[in-house]
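See below for the structure under consideration.
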Amino acid sequence: MRIPKPLHSWNVTPKKAVSLQRRLADRIIQDPLARRPQYVAGGDIALTPDGKRLVAAWIIWDLNRRTQLEAVHVVSELSFPYVPGLLSFREAPAMINAARKLNTEPDLFMLDGHGLAHPRRLGLASHVGLFLDRPTLGCAKSRLCGSHREPGPKRGANVRLLDDGEIVGRVVRSRVGVKPIYVSVGHRITLDEAARIALACTQGYRIPEPTRLAHHYVTALRSSV
DNA sequence: GCGACAG
DNA sequence: ATCTTGTCGC
């Protein structure tokens, strides 16, 4: 897959990272997808046992056939600490490099983290979306900002995630009896589409298949690479 | 000053 | 994210 030239350097201080987020946030586009997605890329990372490197990977999920088509990965040195709100500066560089290895062009990229549901509206999914200039959505396992009511108990029940008076995401019950997932716009997609597709991608587990399979993939790789 | 805080 | 023992439920 061919990707655009980098929008900025990743070699920044946390202070500079915050200013970059403020500058990039207004570039996020919330437009409908060009077509109904078939190939959904799911991305995730895992740390090596020594905690010094990270494995970043993408798998491609065929939403029509319900099968995995491709899996690619890269290994890189950790160069940024985990700071709540600055996750993309730790994980995005490797995720973006791994995307170059994809042979199939995905219709959509799903990331393990938030998109617009971020204090400065530029979570991991949005940041990666801008760098790839592709549709992305964020699917996180827990809340970073905002507040919401408890969604109903049925699969598919969902409520809005509100932060500072803005609708920044949707809290979706992906399965009966489990904690809901947090879906938000990454880039070039609408919130309705993001929530609908994230749910359509779940196959009997709390986590949607693209992200779930990517997690399995990196977890298997971390010990042998 | 005191919590909250994606992965 | 990672580590980690027991425990609950199908």
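Residue numbers begin at 1 in each chain, while the letters A, B, ... track the order of the sequences.
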Discussion item. Can you identify which nucleotide, out of B/dC5, B/dG7, C/dT2, has its nearest atom closest to the A/Leu144 side chain?
Written reply: B/dC5
[X] side chain near [N] phosphate (N/O to OP1/OP2, under 4.0 Å):
| X | N | result |
| --- | --- | --- |
| A/Ser142 | B/dG7 | yes |
| A/Lys141 | B/dG7 | yes |
| A/Arg143 | B/dA6 | no |
| A/His215 | C/dA1 | yes |
| A/Arg222 | C/dT2 | yes |

Worksheet item: Residues from residues 40-54 of chain A sitting under 4.0 Å of DNA chain C, heavy atoms only?
Response: A/Ala46, A/Leu47
Discussion item. What's A/Leu111 touching, base or sugar-phosphate or nothing? Going by heavy atoms closer than 4.0 Å.
Written reply: nothing
Discussion item. Within the 4.0 Å limit for protein heavy atoms, which parts of nucleotides 4-10 of chain C are touched? Write it as a string from 5' to 3', B for base, S for sugar-phosphate only, - for none.
Written reply: -------
Worksheet item: Can A/Tyr82 be classed as stacking with the base of C/dA1, given a centroid separation cut-off of 5.5 Å and a plane angle cut-off of 30°?
Response: no
Worksheet item: Reading DNA chain B 5' to 3', how would its secondary structure be written in dot-bracket notation, given Watson-Crick and G-U pairs with both distances under 3.5 Å, brackets [ ] for crossing pairs and | for partners on other strands?
Response: .......
Worksheet item: Can you find a side-chain donor-acceptor pair between A/Arg90 and A/Ser79 that sits under 3.5 Å?
Response: no
